**Student:** 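Once you've had a glance at the structure underneath, I'll fire off some questions.
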Amino acid sequence: MKADDSSLDPEDLRAVHAAARRALDRASAWGVFPTPTPVILEAASLKIAPKSAFDPSRITEYLIGKAENAAITLKSAIAKVFGIYDASEQLIHIDDGVHKSKQNFLKLHEVGHHELPAHRSAFRLFHDCEKTLDPEISDLFEREANNFARFVLFQGNGYAAMAADHKLELRTPMRLAGKFGASMPLAASSCARITGLVSSTSSSRSLAASAPAPAPRSGGSRHHRPI
Amino acid sequence: MAKKSDEPEVKLTLGQYLASIREDRDLSQRDVEKATGKVVSNAYLSQIENGLIKKPNPNILHALAELYAVSYEDLMERAGYIVPTRSRSAGQRHGRIATFAEHNLTDEEEAKLVEFLGYLRSRKKPGGE
């Protein structure tokens with residue numbers, strides 16, 4: 001089993017689910033399949049950057065006149081990131097290279113940072129200073145955003161209710177992934193949650209922590225994200 | 001009573017500070033529970049104020065900052081949730097930008113990305129593009 005970085009205390013999970021419900025309510029998205037990510041974004045007053053931070057022309061334009069070292073550092077940073085939420089601009093930058101089936105979760109993860117006021121306010125603070133979120137809180141915010149995205153994409157218990165009507169077989173997550181606009185790995189991991197193999201609450205963390213971490217693709221520690 | 005100028009300033013703990021602000025706002029712990037729509041329960045607030053919970057979830061701090069009309073940043077700092085960038089160790093998660101990242105950014109990478117996003121914002125403003 002891979003490390004799961006989505007576990008939360010029950011109280012924290014309840015707060016995240018409340019924010020996710022509000023987002024679904026505002027977009028009138030309950031019962032609409034696949035879950036209408038663009039409508040949820042619009043209802044949240046969020047936009048996808050048309051020319052994003054991942055656009056090579058933007059990167060090149062920025063690097064004009066800058067030292068080679070700056071280019072290496074920025075490109076290295078961009079290579080590690082798939083999505084960015086710019087709290088000041090209410091803008092989301094998405095790496096178009098990410099497979100389409102995974103983009104809905106990716107976008108909804110960034111919507112989570114916006115819809116959770118504690119995240120939105122915090123990420124406005126660090127543009128012009130040498131301060132940062134404590135790594136423990138940064139981790140927490142990521143897990144909260146993951147749970148937000150999962151709840152919205154699968155419309156709370158909507159996925160569980162549908163999965164319960166299907167046979168417990170490998171094809172079930174495949175069928176339901178398309179229905180909800182999720183990727184296969186995410187649908188499979190959610191199926192595992194429903195059947196009790198893993199959990200969203202903190203009780204699963206010790207089990208996850210005991211699993212060997214996958215080798216990083218490049219430098220730095222790796223985050224596993226079931227998108 | 002006026003404080004003597006040579007008296008060293010004692011920094012209140014997060015709990016003491018929140019209790020003093022709540023009292024200043026003339027609110028009971030039950031009032032807070034009601035006003036925050038039960039986001040901050042009476043029992044939970046009591047534990048924070050008494051120092052039994054030293055690390056409340058940031059969403060609790062945000063709700064209290066809104067209700068008391070105090071700075072959320074200040075509460076986050078008092079809780080130890082906002083720290084200098086230099087205090088982050090290698091391998092710990094970056095925290096200046098909300099990213100969906102496969103790996104942690106180094107301090108240098110994150111600083112460069114912050115700068116790049118600033119550039120993209122400036123290009124959007126009148127006179128930018």
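Being a predicted model, the structure only gives us computed values, none of them experimental.
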**Student:** Can you tell me which portion of A:Ile59 sits under 4.5 Å from chain B's heavy atoms? Options are side chain, backbone, both or neither.
**Tutor:** both
**Student:** Please classify the contact between A:Leu63 and chain B as side chain, backbone, both or neither, with a heavy-atom cut-off of under 4.5 Å.
**Tutor:** neither
**Student:** With a 4.5 angstrom heavy-atom cut-off, is it the side chain or the backbone of B:Val83 that approaches chain A, or both, or neither?
**Tutor:** both
**Student:** Relative to chain B, which of A:Ser88, A:Ala53, A:Ser52 shows the most heavy atom pairs under 4.5 Å?
**Tutor:** A:Ala53
**Student:** So for B:Thr106, is it side chain, backbone, both, or neither that comes closer than 4.5 Å to the heavy atoms of chain A?
**Tutor:** both
**Student:** Could you please spell out the steps behind the side chain to side chain contact (heavy atoms under 4.5 Å, CB included) verdict for A:Glu11 and B:Asn57?
**Tutor:** CA-CA 9 Å; A:Glu11 275 300 313; B:Asn57 186 293; over 6 Å; no
**Student:** Can you tell me if CG on B:Asp24 sees more than 12 non-hydrogen neighbours from other groups inside 6.0 Å?
**Tutor:** yes
**Student:** Got a salt bridge between A:Glu130 and B:Arg86, using NZ or NE/NH1/NH2 to carboxylate O under 4.0 Å?
**Tutor:** no
**Student:** Look at the rings of A:Tyr62 and B:Phe116 and say which category their plane angle falls in: under 30° parallel, 30 to 60° tilted, over 60° perpendicular.
**Tutor:** tilted
**Student:** Has the side chain of A:Thr132 got a donor or acceptor atom that lies under 3.5 Å from a matching backbone atom of B:Thr85?
**Tutor:** no
**Student:** Would you please test A:Leu133 and B:Met76 for side chain to side chain contact (heavy atoms under 4.5 Å, CB included) and show each step?
**Tutor:** CA-CA 9 Å; A:Leu133 281 177; B:Met76 290 285 279; 3.8 Å; yes
**Student:** Side-chain contact, heavy-atom cut-off 4.5 Å: B:Arg88 with A:Pro135?
**Tutor:** yes
**Student:** Between A:Glu136 and B:Arg93, is there a salt bridge with N-O shorter than 4.0 Å?
**Tutor:** no
**Student:** Would you say that B:Tyr72 contacts A:Pro117 through its side chain, given a criterion of any heavy-atom pair below 4.5 Å between the two side chains?
**Tutor:** no
**Student:** Would you say NZ of A:Lys66 has more than 12 non-hydrogen atoms from neighbouring residues, nucleotides or ligands within 6.0 angstrom?
**Tutor:** yes
**Student:** Measuring from B:Arg123:CZ to A:Arg58:CZ, what's the distance to the nearest 0.5 Å?
**Tutor:** 6.5 Å
**Student:** Rounded at 0.5 Å granularity, tell me how far SG in A:Cys129 sits from CD in B:Glu73.
**Tutor:** 7.0 Å
**Student:** Tell me, do A:Asp134 and B:Ile82 make a side-chain contact under 4.5 Å, heavy atoms counted?
**Tutor:** no
**Student:** With a cut-off of 6.0 Å (strictly less than), are more than 12 heavy atoms of other residues, nucleotides or ligands near CD of B:Gln47?
**Tutor:** yes
**Student:** Which answer fits B:Glu115, side chain, backbone, both or neither, if we ask what part of it has an atom under 4.5 Å from a heavy atom of chain A?
**Tutor:** both
**Student:** Side chains of A:His127 and B:Arg96: donor-acceptor distance under 3.5 Å anywhere?
**Tutor:** no
**Student:** Does any non-hydrogen side-chain atom of A:Asn146 lie less than 4.5 Å from one of B:Phe100?
**Tutor:** yes
**Student:** Heavy-atom pairs under 4.5 Å with chain A: which of B:Ile60, B:Val39, B:Leu105, B:Leu61 has the most?
**Tutor:** B:Leu105
**Student:** Would you mind checking which part of A:Ala19 comes under 4.5 Å of any heavy atom in chain B, side chain (CB onward), backbone (N, CA, C, O), both or neither?
**Tutor:** neither
**Student:** Can you find a pair of side-chain heavy atoms, one from A:His93 and one from B:Leu120, that are under 4.5 Å apart?
**Tutor:** yes
**Student:** Do B:Tyr119 and A:Glu61 have a side chain donor and acceptor closer than 3.5 Å?
**Tutor:** yes
**Student:** Could you check whether B:His62 and A:Ser121, counting side-chain N and O atoms only, form a donor-acceptor pair closer than 3.5 Å?
**Tutor:** yes
**Student:** In terms of heavy-atom contacts, does CZ of A:Arg124 have more than 12 from other residues, nucleotides or ligands at under 6.0 Å?
**Tutor:** yes
**Student:** Might you point out which heavy atoms bring A:Ser138 and B:Gly95 nearest each other, and give the distance in Å?
**Tutor:** OG-CA, 3.6 Å
**Student:** Please assess B:Arg121 against A:Glu89 for the test side chain to side chain contact (heavy atoms under 4.5 Å, CB included), listing each intermediate value before the final yes or no.
**Tutor:** CA-CA 8 Å; B:Arg121 277 183 221 116; A:Glu89 298 285 306; 3.4 Å; yes
**Student:** With a 4.5 angstrom heavy-atom cut-off, could you sort out which part of A:Leu125 is near chain B: side chain, backbone, both or neither?
**Tutor:** side chain
**Student:** Select one option (side chain, backbone, both, neither) describing which atoms of A:Ile137 are under 4.5 Å from chain B's heavy atoms.
**Tutor:** side chain
**Student:** Which pair of non-hydrogen atoms, one from B:Asn59 and one from A:Glu144, has the smallest distance, and what is that distance?
**Tutor:** ND2-OE2, 4.5 Å
**Student:** Name the option with the most non-hydrogen atom pairs under 4.5 Å to chain A; the candidates are B:Glu110, B:Lys55, B:Lys112.
**Tutor:** B:Lys112
**Student:** Would you say A:Thr73 and B:Glu108 are linked by a side-chain donor-acceptor pair, where the criterion is simply a distance under 3.5 Å?
**Tutor:** no
**Student:** Let me know if B:Ile97 has heavy atoms under 4.5 Å from chain A in its side chain, its backbone, both or neither.
**Tutor:** both
